[in-house]
**Q** 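My structure is below; once you've seen it, I'll send some questions.
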Amino acid sequence: MSKTAATPAQAAADPSRWKALVFIALAQLMVVLDATIVNIALPSAQTDLGISDGNRQWVITAYALAFGGLLLFGGRIADKWGRRNAFVVGLIGFALASALGGAANGEAMMLGARALQGAFGALLAPAALSLLAVMFTDAKERAKAFGIYGAIAGGGGAVGLILGGFLTEYLNWRWTFFVNIPFAIIAASGAWLVIREPAGGRNRAPLDIPGVVLSTLGLVALVYGFTRAESAGWSDAVTVSMFIASAALLASFVFVESKVKSPLLPLRVLLERNRGGVYLSLGLAVIAMFGLFLFLTYYLQVVKGFSPVKTGFAFLPMIAGMITGSTQIGARLMTRVAPRLLMGPGFLIAATGMLLLTQLEVGSSYPALIMPAQLLLGLGMGTAFMPAMSLATHGVNPADAGVASAMVNTSQQVGGAIGTALLNTIAASATTAYLTDHAAEAAAGGAAGKLVQAQAMVEGYSSAIWWAVGILIASSAIALTLINTGRPGAGGVVTSGSAEDAEVKVPVIAH
């Protein structure tokens, strides 16, 4: 492996970087867990707090809107304050918001706590990823670090289903919030003691207030549009107006960013083809993944009658596949082959697993169909996620690392909102069509009627999963087409901006 020029700050690797990785990974696990752990607890929390069916979705939506809307702002704050400071403040705030959620005595307190969790998560998540980007610059070490991070980012949601099932079934739904507190305290304490950022990596430029306002409002409108489409339909007036407003706000944001001296999101971060390819392919892949979590959870609990805990354990093969794909395949091969040769085939392997799930029937066998499908999905996504997470921050100026990391999280958050709304709508339409075609059997009642209802649900799931297969194939094609960088350590130094913009240059993948 050829050597690259490094600044004095990078010449000696931080001796505490592997200890720091433990606390960064712990914080990332907490954030990813929270995306699914509350879903399991929601029915119990709704009953206890008297939340109406109409407002129930806001327990999820309040978090998604704050998190998705504030990510770019959070990434730039991390660049400006310092990643360690932003990381620790994000952890403390997330813990306090979680305590508020666990102690909620009504709907308003719960929704406020969820919005606060999202806001502090938007500060924490990009700070965590950008810390890895600036602390691990050696190609082989970077591959290992991002392999661990990628496994957590991909598999943490499934772990949340297991933990959420345990806590809800054996303790109380409030513990799905309280469990974040020890995670946050340990991670914040450890981070404060061991993390040392490289010198000269902060962005001292004044904050781009118009960019903050336009990006936040534009992303909030986009996420809310997709969330509302799921319940009110795509032709609903508010849904359509949200999409129009989002398009106008985000177009204005791009225009402003091209004109201001110190933009919130320098367009160079987006326009570099490799990073752009990562953001787009990863966002699409997350659409498919969120659809899988949603439909398999319902299928296992409603159709197969699994308990919440059993449902959580049923996702273990995917977690095993994710960990293997990230740490054993992705991390080992990343220093030997170009990232596109891991991402493209990885997404195709995941698409093959998804293709198996299109064969779902009411009586499908878990060991014969669902388990091998999950293993393929996990292996493929783990293999693709690892180089994607690393490449998303490769080549950026250290001063832009936070906002580049925020773009990874933004693409996943928006992808999750789109996936939930789009695939759920497709599934609901297919289910309704099946019931219309079998109206006589459904009206018969008894065991025959229940069987038709179950068959209609499964028909809906398999129809939506076909779309997920196509989306993963598109992710693979984008990765293979847009991402053209070589293997890590194969060449010189590249930065995302001009020479005068860069305070420190990091060794990156060569073109």
**Q** How close do Leu70 and Ala119 get, heavy atom to heavy atom, and via which atoms?
**A**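 So the two residues come closest at CD1-CB, 3.8 Å.
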**Q** Is there a donor-acceptor pair closer than 3.5 Å between any side-chain N or O of Arg84 and the backbone N or O of Leu131?
**A** no
**Q** Should we count NZ of Lys310 as having more than 12 external heavy atoms under 6.0 Å?
**A** no
**Q** Evaluate the side-chain proximity of Trp81 to Val89: yes if any heavy-atom separation is below 4.5 Å, no if none is.
**A** yes
**Q** Compare all side-chain heavy atoms of Leu264 with those of Ser215 and state whether any distance is below 4.5 angstrom.
**A**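 Yes, at least one pair of side-chain atoms sits under 4.5 Å.
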**Q** Going from CG on Leu29 to CG on Asn180, what distance comes out if it is rounded to the nearest 0.5 angstrom?
**A** 9.5 Å
**Q** Could you check whether any side-chain N or O of Lys19 sits under 3.5 Å from a backbone N or O of Gly190, counting only pairs where one atom can act as donor and the other as acceptor?
**A**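 Judged by distance alone, no pair lies under 3.5 Å.
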**Q** Of the non-hydrogen atoms in Ala388 and Leu282, which two are nearest, and what is the gap between them?
**A** CB-CD1, 4.0 Å
**Q** Give, for atom CZ of Phe385 and atom CZ of Phe347, the distance between the pair rounded to the nearest 0.5 Å.
**A**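 Nearest 0.5 Å value for the CZ-CZ distance: 6.5 Å.
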**Q** Between Asp208 and Val212, is any pair of side-chain heavy atoms under 4.5 Å apart?
**A** no
**Q** How long is the straight-line distance from CG of Leu72 back to CD of Glu257, given to the nearest 0.5 Å?
**A**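 Going from CD on Glu257 over to CG on Leu72, the span is 8.5 Å.
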**Q** Report yes if some heavy atom in the side chain of Ser98 is under 4.5 Å from a heavy atom in the side chain of Phe183; otherwise report no.
**A** no
**Q** Quick one: do Val303 and Val458 satisfy side chain to side chain contact (heavy atoms under 4.5 Å, CB included)? Show the steps, please.
**A** CA-CA 8 Å; Val303 178; Val458 174; 4.1 Å; yes
**Q** Minimum heavy-atom separation for Ala350 to Leu377, with atom names?
**A**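 So the two residues come closest at O-CD2, 3.3 Å.
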**Q** Given side chains that start at C-beta, do those of Leu357 and Tyr461 come closer than 4.5 Å, heavy atoms only?
**A**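 With C-beta onward as the side chain, the pair stays apart.
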**Q** Can you tell if the side chain of Gln374 reaches within under 4.5 Å of the side chain of Leu296, non-hydrogen atoms only?
**A** yes
**Q** Tell me the closest heavy-atom pair linking Ala479 and Gly344, and the distance in Å.
**A**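 The pair with the smallest heavy-atom distance is CB-N, 4.2 Å.
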**Q** Let me confirm one number: the CD1-CD1 distance from Ile478 to Ile473, rounded to the nearest 0.5 Å.
**A**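 The distance works out to 12.0 Å.
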**Q** What verdict does the side chain to side chain contact (heavy atoms under 4.5 Å, CB included) test give for Met30 and Leu124, after you've listed the backbone C-alpha separation in whole Å, the side-chain angles of each residue and the deciding distance to 0.1 Å?
**A** CA-CA 10 Å; Met30 181 187 73; Leu124 170 60; 3.8 Å; yes
**Q** Can you tell me if Asn274 uses its side chain to pair, donor with acceptor, with the backbone of Asn484 under 3.5 Å?
**A**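 Yes, because the side chain of Asn274 sits within donor-acceptor range (under 3.5 Å) of the backbone of Asn484.
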**Q** Without swapping roles, check the side chain of Tyr279 against the backbone of Met407 for a donor-acceptor pair under 3.5 Å.
**A** no
**Q** Do Asn85 and Trp192 come within less than 4.5 Å of each other through their side chains, counting heavy atoms only?
**A** yes
**Q** Might you work through the side chain to side chain contact (heavy atoms under 4.5 Å, CB included) test for Phe87 and Ile24, ending with a clear yes or no?
**A** CA-CA 9 Å; Phe87 184 72; Ile24 293 169; 4.3 Å; yes
**Q** Has the side chain of Thr352 got a donor or acceptor atom that lies under 3.5 Å from a matching backbone atom of Leu348?
**A** yes
**Q** Take Trp466 and Ile426, measure what side chain to side chain contact (heavy atoms under 4.5 Å, CB included) needs, and give me the verdict at the end.
**A** CA-CA 10 Å; Trp466 271 111; Ile426 293 166; over 6 Å; no
**Q** Considering only heavy atoms from C-beta outward, does the side chain of Ser462 approach that of Tyr299 to under 4.5 Å?
**A** no
**Q** Kindly compute the distance separating CD1 (Ile370) from CG (Leu360), expressed to the nearest 0.5 Å.
**A** 5.5 Å
**Q** How close do Leu123 and Gly90 get, heavy atom to heavy atom, and via which atoms?
**A**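 Smallest interatomic distance, heavy atoms only, reads CD2-N, 3.9 Å.
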**Q** Mind checking whether Tyr63 and Phe67 have ring centres under 6.0 Å apart?
**A** yes
**Q** Determine yes or no for a side-chain-to-main-chain donor-acceptor pair under 3.5 angstrom, with Ser281 supplying the side chain and Ser475 the backbone.
**A** no
**Q** Nearest 0.5 angstrom please: Leu472 CG to Met381 CE, how far?
**A** 6.0 Å
**Q** Specify the closest pair of heavy atoms between Gly121 and Pro126, including all atoms of both residues, with the distance to one decimal.
**A** O-CD, 4.1 Å
